Every structure is written in structure tokens, then in C-alpha cells.
Amino acid sequence: MCSLYRENLMHQLGDLERTCYCGEIAEDLIGQTVTVMGWVDRVRDLGNLVFFDLRDRSGIIQVVTDNSEMARLELAKTVRSEYVVAVVGQLLKRDEETINPELATGTVEVHVEELRILNTSLTPPFPINEDVSASEETRLRYRYLDLRRRPLQRNMLLRHNVALETRNHLSEHGFYEIETPFLTKSTPEGARDYLVPSRLHRGSFYALPQSPQLFKQLLMVSGFDRYFQIVRCFRDEDLRADRQPEFTQVDIEMSYPREETVFALIESLLKRLFALIDVEVETPFMRLPYDESMARYGTDRPDTRFGLELVDVSEAFSETPFEVFRKILAEGGCIKGIPAPVGQKYSRKDLDVLADFIRQYGAPALSWVRREEGELRSSMPKMVPAAEIERVAELAGLGEVQSFLMVAGTPKTVHDSLAALRLHLGQKHGLIDQTKHNFLWVHAFPLLEWDEDEERFTAIHHPFTSPRDADLELLDSDPGAVKAKAYDVVLNGLEIGGGSIRIHQQEIQKKVFNALRIDPEEAQQRFGFLLEALCYGAPPHGGIALGLDRIVMLLAKESSIREVIAFPKTARAVDLMCAAPSPVDDRQLRELHVQLRGL
RNA sequence: GGGGUCGUAGUUCAGUUUGGUUAGAACGCCGGCCUGUCACGCCGGAGGUCGCGAGUUCGAGUCUCGUCGGCCCCGCCA
């Protein structure tokens with residue numbers, strides 16, 4: 001506990017009532033007595049004249065005390081940064097030459113009549129009033145102080161406004177906000193759950209929701225027709241700059257929607273949210289089928305603010321003598337590349353660095369073809385015929401002084417590595433227009449994806465996603481070819497939301513489970529309640545969930561969602577401020593029937 | 001689980017490449033002077049487990065190994 005030195009100088013709030021916020025004081029109050037309260041921002045003690053800036057969430061006002069009353073001056077001399085004070089005094093216009101044009105309230109100042117020190121403060125570990133950087137570790141340990149600073153004050157206000165606009169918009173469109181349980185049942189097929197042991201049911205556990213997926217579908221069965229919730233979700237997976245163990249979704253579900261119904265709703269909502277930062281969003285968003293997105297960008301969440309699209313040059317090597325490529329193609333692989341910006345030269349070392357870069361995405365090597373001074377050069381072995389290299393250059397549309405950077409391998413490796421390389425080059429060469437807001441819908445995702453390890457299909461979105469009507473028959477014959485009524489909304493290469501039209505008929509749900517090799521008994525045990533609900537007149541329904549943290553992050557122009565979450569966790573899921581997680585009493589464990597295994 | 005990077009005063013950093021006297025700077029903090037400052041100014045002062053632990057060495061902030069922590073990425077995650 002901090003020692004409250006100088007406590008003999010501390011006062012009580014008493015009957016004082018604040019009359020205005022510091023930053024909102026304007027010239028119309030000149031001549032009036034105002035009462036302001038807040039933190040001492042910076043003291044300028046000139047001896048017989050003391051100035052300090054008083055700060056609250058709205059801004060700053062200058063306060064001044066002279067030596068017309070010595071006790072008051074002496075008291076003013078004792079205040080320090082971050083003391084909490086109340087000031088009663090007359091608001092006066094400053095002399096012309098003492099106006100501070102940097103300050104919104106710079107033409108006026110409060111002349112102290114009464115000063116009350118409501119609390120003292122230790123010297124903060126980092127300055128509250130400056131933008132100087134403190135390490136993130138220190139900022140997180142003293143989060144309540146970091147939150148007092150301007151940037152986070154601004155971000156939390158923005159977040160409030162985003163939530164408010166979202167509620168208003170959805171309410172205006174007929175959506176009800178309905179809460180769903182946090183203590184619930186493990187969701188199938190998704191991320192690792194956070195578990196909560198049950199005291200009353202020895203050996204049983206609740207799971208915190210990864211999303212309210214099943215509940216929102218049940219609410220459609222219940223006839224609410226349109227539901228939304230700004231809701232916390234929990235996933236026990238490793239963290240990233242845009243991933244926290246608990247995060248907030250704008251969860252939406254509606255009855256009788258076409259995909260376009262959902263798209264239009266979300267477009268109007270995002271338009272409204274981006275208006276908060278004076279960005280005019282053009283609607284409708286571009287629609288990009290999944291297959292096309294993968295072919296052109298190698299990812300299902302492309303950043304379309306710049307080019308560098310992938311080019312498939314597999315055909316150039318259809319009869320190549322180069323064994324490595326031949327083998328890759330024979331095994332269903334492909335050879336693709338990115339035409340680098342014209343005029344961009346890559347040294348031997350540059351290429352080594354790029355090869356290292358793509359290696360972390362599983363690509364074993366980076367090949368290249370370069371046209372320079374009319375001649376084609378390439379990193380490929382001599383046995384590769386000139387005609388094949390010629391063909392690559394032709395397919396890539398290679399101009400003078402231009403390189404084509406290629407990866408050969410399985411489609412997954414090629415796409416993963418080239419998508420990363422494309423982003424890397426886009427950033428490195430400054431091709432990304434930071435003022436652009438390129439929204440798009442990626443749709444027509446495959447329903448299923450083959451899992452090599454488990455040797456079965458798994459759901460790409462989740463097991464309740466509806467196949468496209470036209471693809472229903474393929475479910476048995478060619479499950480991998482079935483497309484889903486699933487969609488993601490992407491902004492500048494970041495996935496900010498995703499959803500689907502759900503299965504509302506039990507027969508189809510059974511067929512999908514069958515394709516997923518979830519046997520009926522298992523299905524019954526894990527989410528029998530949903531299957532049962534589908535038997536009681538479930539209407540066609542579907543929806544989406546938006547990542548609120550990511551959207552606010554983008555609106556705030558931050559690069560980590562920690563900057564828009566009041567109390568975030570570190571990359572190892574620790575709360576540095578309150579030191580969670582932490583061991584608990586043996587007594588608590590016993591009540592929960594939990595025994596720790598050897599640590 | 002793996003890779004990268006960082007860790008030195010309250011804070012932000014320099015010093016580490018090439019081991020060598022008492023580990024520096026700025027801001028902040030404390031004291032003094034100062035009636036128009038607003039990044040106030042001037043004078044003086046205090047403040048260090050160089051993340052932690054081993055090792056190499058006559059000698060380690062600096063080299064080696066291990067470990068802990070922050071951040072970024074892969075795997076994981078919609």
C-alpha cells in the first residue's frame with residue numbers, strides 16, 4: 001500500500017459539486033465561478049505564482065494561483081502530478097499575450113478561490129500526460145494508469161460508440177438483444193474450451209462458450225426471428241496480436257435469410273460504424289468466391305489494396321525434365337508465383353532472405369525467373385529447357401527488369417507461402433495505400449476439408465453450416481466438392497466477421513454428420529438438443545458474427561486488439577495487473593473435486 | 001511445441017561487436033530561487049540485484065549454457 005504522505009494536507013469532497021468538465025470550458029463561462037475536478041497534469045511553480053493544468057477525461061484547463069492569499073499559494077505549491085484536486089474559482093479570459101493556441105481551452109483560465117486536495121499520488125511509473133512510450137509490460141502492469149492516458153481514453157470512447165451504434169442499428173432493424181449462458185456445454189469441432197469444474201456434479205464441467213452458436217440457432221427455433229448480442233467469447237488457444245483468449249463478438253442470427261440478406265445488413269452496419277471515423281464506405285462490397293480468392297491471392301482473406309496477384313505457371317512444366325517439379329505436379333501439386341514490381345531488383349542476399357521467409361510457411365525453396373536487358377535468367381537447374389522458362393515469363397507477363405518469384409509444392413504450401421510473400425512484398429515495397437478500406441465478402445467456401453491426421457473430413461466453418469442446395473447430392477459422392485452457404489467479411493486482409501446459412505432440416509444435418517463421420521450416437525450426446533429442436537419446426541435461419549475488437553482496432557488505427565480492450569492479457573494469456581491465472585486454495589479444489597496431477 | 005527479438009536508474013534508452021578504473025544520457029523525482037508560465041527557467045541532489053542462475057576468466061552489463069518475462073511469427077485458432 002502506498003503511504004499517503006502529506007495526508008495532513010488532504011481534504012474531503014464535502015458539498016462540492018462539479019459544474020463542468022475541464023475540456024468543455026468555453027468562453028461563454030467567462031466571469032462565472034466554476035468548480036472543476038480532476039488530476040493535476042503538470043505544475044509550473046514560478047515562486048509567487050503557480051500554474052497547473054487540470055485534466056479529466058474531456059481535456060485540460062489551466063489553473064492559476066497568485067500570492068494574494070499566502071495559505072492558498074502554499075497549498076498550491078504542494079500539489080504534484082496526478083494528485084486529485086477540486087478547484088473552485090472564477091473563469092477569466094487570459095491576456096492576449098498569454099493565450100495558448102495549442103490548448104482547446106487556451107484562451108481562458110481558472111483563478112483559484114478554493115483548492116481541495118482530494119487525494120495524493122505516488123509518482124506514476126510512466127507519464128500520464130505525454131505520448132512517450134513505456135514498455136508494454138509496464139503499461140499492462142499498471143493498466144489503470146495507461147487507461148488514464150489519452151490514447152486509451154480515446155479508444156475506449158470509440159469502442160463505446162461502436163457498441164452503441166451497433167445496438168441502435170440492429171434494434172432499428174428489428175433485432176432483439178438476448179443474453180445466452182456463459183456456463184454451458186463444450187462446443188463441438190472448434191477451439192479448445194475453457195472449462196469450469198462443477199461443484200454440484202462431481203467430475204462434470206461447464207465450458208465457457210467459444211461463441212453462442214447453438215443458442216442463437218435455438219432462438220430462431222423459438223421464434224425471435226432476429227437476434228443479436230454483443231457477447232464475450234472464450235477460446236483456449238495460443239494468442240496473436242489480433243487474438244485474445246476472451247474477445248467480443250457482435251453475434252447475429254436471423255430467420256429466413258438469403259446470403260444477400262445478411263450481406264446487406266452487415267454492409268449497412270459497417271457503413272454506419274466507419275462513419276464514426278468519417279470514412280465513407282462504399283456498398284455493396286465486392287463478392288469474391290473462395291476458389292477465386294485462393295487462386296488470385298493464396299488466401300481466403302486477401303488484402304486487395306495492392307496487386308501482386310499469383311500466377312499459376314504449372315502448365316509451363318507439364319512435360320518438364322526437371323524431376324522435382326514433375327513429381328510435384330504428378331502428386332497434385334502446383335507451381336505458382338508472384339510477378340514482383342517492375343524495376344525491383346533482388347540481390348542474391350535479398351533472395352536468400354525471401355527464401356528464409358517463405359520457409360516458415362513450409363515452402364522448401366524459392367525459384368525465380370528474371371528478365372533483364374532483354375535476357376531471361378532463372379534460378380532453375382540447367383536441365384530446365386529455355387522454352388519452359390520462356391513460357392513462365394509469358395504466363396507471368398514479365399516485363400523488362402522484372403522478377404517472378406515462384407514456389408512449387410502442394411497447393412496448401414504454395415498458397416500459404418505465396419500469400420505471406422505477397423503481403424511481405426506489398427509492405428516492403430510500400431504498395432499498400434493505407435487510406436483505403438477494401439471490404440469484401442469471400443463466399444462459396446468449401447463445406448468440408450480433408451484432415452490428413454484424422455483421415456476424415458472436418459467442417460471448415462462448423463458442422464451446422466448448410467451446403468449449397470445444388471450440391472446436396474455431392475455430399476455422398478464427392479464431399480470435398482460441396483460448397484457451403486458460408487461467408488467471411490474481410491477488410492484490408494483482416495477477417496472481421498464470418499457466418500453462414502445454417503442447416504434447419506434434420507435430414508440434411510444427419511447427412512452432414514455422416515460426411516463428417518460423426519456417428520449418430522456421438523451426435524446425440526454432444527448436441528442432441530439441437531437435433532431435437534430441428535424436429536420442432538425450425539425455420540430456415542442463418543447469421544454472422546463480427547469481431548468487435550478487430551473492428552474497433554481498425555477504426556482506431558491500432559495494430560493490436562490489446563489497444564482497444566480495457567484489460568487485455570499478454571501473449572501467454574496472463575493478466576499482468578491482477579496476476580491471473582494463479583494457484584488456488586486446496587480447499588477450493590476439494591470443493592470442486594479437482595485433484596492436481598504431478599506438476 | 002518451434003523460430004525470431006528484446007530485458008541496464010522510476011521511465012525511455014546508450015554502453016555488449018573487440019571483457020578491464022567509480023555503468024552513462026535524457027525525462028521524471030527531491031531540495032532551493034523565481035509573478036505570466038504552458039515541455040517554464042536557473043542552481044543543487046538522490047537514485048542501479050545491468051531480469052534471474054550457473055559457468056569461462058585474474059576480471060563479466062559485455063562471452064557460454066540454462067531459466068524467467070514482454071512482443072512478433074509458425075503450428076494451433078474462425
Side-chain angles (χ1 to χ4, degrees), chain A residues 5 41-54 60-68 73 77 80-82 94-103 105-106 109 111 122-142 145 187 189-193 210-211 213 233-245 247 249 300-301 356-363 416-417 420 423-424 442 445 449 453 458-462 465 486-490 494-500 544-547 550 559-560 562 569-572 574 576:
Chain A
Y5 56 100
D41 189 74
R42 185 172 264 125
V43 183
R44 293 174 293 277
D45 180 351
L46 276 63
N48 280 316
L49 189 65
V50 175
F51 298 91
F52 61 82
D53 295 326
L54 192 65
I60 275 173
I61 182 82
Q62 175 164 277
V63 171
V64 59
T65 314
D66 62 20
N67 61 354
S68 59
L73 180 70
K77 280 174 169 295
R80 298 287 180 271
S81 288
E82 302 314 314
R94 298 200 200 177
D95 291 340
E96 200 59 42
E97 62 274 18
T98 63
I99 284 174
N100 182 356
E102 305 288 304
L103 211 58
T105 58
E109 61 194 5
H111 288 250
L122 296 175
T123 302
F126 46 79
I128 306 301
N129 51 17
E130 289 170 30
D131 285 341
V132 301
S133 55
S135 74
E136 185 147 10
E137 198 170 350
T138 309
R139 292 175 53 207
L140 287 171
R141 178 160 289 120
Y142 297 94
L145 292 180
T187 326
E189 305 270 307
R192 194 175 296 117
D193 288 314
Q210 295 174 26
S211 80
Q213 183 58 39
C233 302
F234 306 87
R235 291 177 191 164
D236 187 4
E237 296 292 346
D238 287 352
L239 278 51
R240 287 290 187 280
D242 61 355
R243 267 166 35 192
Q244 283 272 306
F247 60 99
Q249 281 189 348
D300 59 4
R301 47 179 180 91
D356 281 342
F357 176 79
I358 60 165
R359 206 158 287 138
Q360 60 180 319
Y361 300 90
D416 287 354
S417 56
L423 266 184
H424 179 76
V442 177
F445 278 82
E449 158 181 65
D453 297 336
T458 56
I460 285 195
H461 190 59
H462 56 56
T465 300
Y487 34 80
D488 282 353
V489 56
V490 174
L494 209 69
E495 182 201 328
I496 57 173
S500 63
I544 192 167
L546 300 177
R550 289 183 184 177
S559 52
S560 162
R562 291 187 301 276
K569 292 178 177 58
T570 69
R572 295 190 65 244
V574 169
L576 288 179

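Here is how names work: the chains are called A, B, and so on, in the same order as the sequence lines, proteins then strands, and each is numbered from 1. None of these values were measured; they are calculated from a predicted model.
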Practice problem: Assess whether side-chain hydrogen bond (donor to acceptor under 3.5 Å, both in side chains) is satisfied between A:Q62 and A:N100, documenting all intermediate values. | Solution: CA-CA 10 Å; A:Q62 175 164 277; A:N100 182 356; over 6 Å; no
Would you mind reading off the distance between [X] atom [atom1] and [N] atom [atom2], rounded to a whole angstrom?
X: A:R42; N: B:C27; atom1: CZ; atom2: P; value: 12 Å
X: A:R141; N: B:C71; atom1: CZ; atom2: C1'; value: 14 Å
X: A:D66; N: B:C34; atom1: CG; atom2: P; value: 16 Å
X: A:F357; N: B:C73; atom1: CZ; atom2: C1'; value: 9 Å
X: A:D236; N: B:C76; atom1: CG; atom2: C1'; value: 11 Å
X: A:E137; N: B:C72; atom1: CD; atom2: C1'; value: 15 Å
X: A:R80; N: B:G10; atom1: CZ; atom2: C1'; value: 16 Å
X: A:E237; N: B:G1; atom1: CD; atom2: C1'; value: 13 Å

Exercise. Report yes or no: is the ring centroid of A:F51 under 5.5 Å from the six-membered base ring centroid of B:U37, with the two planes under 30 degrees?
Key: yes
Nearest to the side chain of [X], heavy atoms from C-beta on, is which of [options]?
X: A:R562; options: B:C72, B:A78, B:G36; answer: B:C72
X: A:N100; options: B:C73, B:C71, B:C38; answer: B:C38
X: A:R235; options: B:G36, B:U12, B:A78; answer: B:A78
X: A:R243; options: B:C72, B:G75, B:C38; answer: B:G75
X: A:T138; options: B:C38, B:C29, B:U12; answer: B:U12

Just call it for [X]: base, sugar-phosphate, or nothing, with non-hydrogen atoms closer than 4.0 Å on any strand.
X: A:D45; answer: base
X: A:D41; answer: nothing
X: A:T570; answer: sugar-phosphate
X: A:L103; answer: nothing
X: A:Q62; answer: base
X: A:N67; answer: base
X: A:Y361; answer: sugar-phosphate

Quiz prompt | Toward the 5' end of RNA chain B, by each residue's nearest nucleotide, A:K569 or A:D300 | solution = A:K569
Quiz item: Closest nucleotide of RNA chain B for A:A571 versus for A:P125: which of these residues is on the 5' side?
Solution: A:P125
[atom1]-based separation of [M] from [N] [nearest Å]:
N: B:C43; M: B:G53; atom1: C1'; value: 45 Å
N: B:U11; M: B:U22; atom1: C1'; value: 24 Å
N: B:C65; M: B:U18; atom1: P; value: 15 Å
N: B:G59; M: B:G19; atom1: C1'; value: 8 Å
N: B:U21; M: B:C58; atom1: C1'; value: 15 Å
N: B:G48; M: B:C63; atom1: C1'; value: 22 Å
N: B:U56; M: B:U64; atom1: P; value: 15 Å
N: B:U12; M: B:G7; atom1: C1'; value: 13 Å

Quiz prompt | Nearest-0.5 Å distance that lies between atom CD in A:Q249 and atom CG in A:L546 | solution = 8.5 Å
Quiz item: Which value, rounded to the nearest 0.5 Å, describes the distance between A:R243 atom CZ and A:D238 atom CG?
Solution: 7.5 Å
[X] side chain near [N] phosphate (N/O to OP1/OP2, under 4.0 Å):
X: A:R572; N: B:G69; value: yes
X: A:R44; N: B:C40; value: yes
X: A:T123; N: B:G10; value: no
X: A:S135; N: B:U12; value: yes
X: A:N48; N: B:U35; value: yes
X: A:Q210; N: B:A78; value: yes
X: A:R240; N: B:C76; value: no

Nucleotide paired to [N] in any strand shown, Watson-Crick or G-U, under 3.5 Å:
N: B:C63; result: B:G55
N: B:G69; result: B:C6
N: B:G75; result: none

Quiz prompt | Lys/Arg N to Asp/Glu carboxylate O, A:R301 vs A:E495, below 4.0 Å | solution = no
Quiz item: Would you call A:R42-A:D53 a salt bridge at under 4.0 Å N-O?
Solution: no
Practice problem: Applying ring-ring contact (aromatic ring centres under 6.0 Å, His included), run through A:F445 and A:H461 and close with a yes or a no. | Solution: CA-CA 9 Å; A:F445 278 82; A:H461 190 59; 7.8 Å; no
Quiz item: Taking everything shown except A:Y142 itself, do over 12 heavy atoms lie less than 6.0 Å from its OH?
Solution: no
Practice problem: State whether the distance check finds a donor on one side and an acceptor on the other, under 3.5 Å, for side chain A:E109 versus base B:G36. | Solution: yes
Exercise. Have a look at A:L73 and tell me which of A:D66, A:D45, A:N48 forms a side chain to side chain contact (heavy atoms under 4.5 Å, CB included) with it.
Key: A:N48
Quiz item: Quick one: does A:V64's side chain get under 4.5 Å of A:L49's, heavy atoms only?
Solution: yes
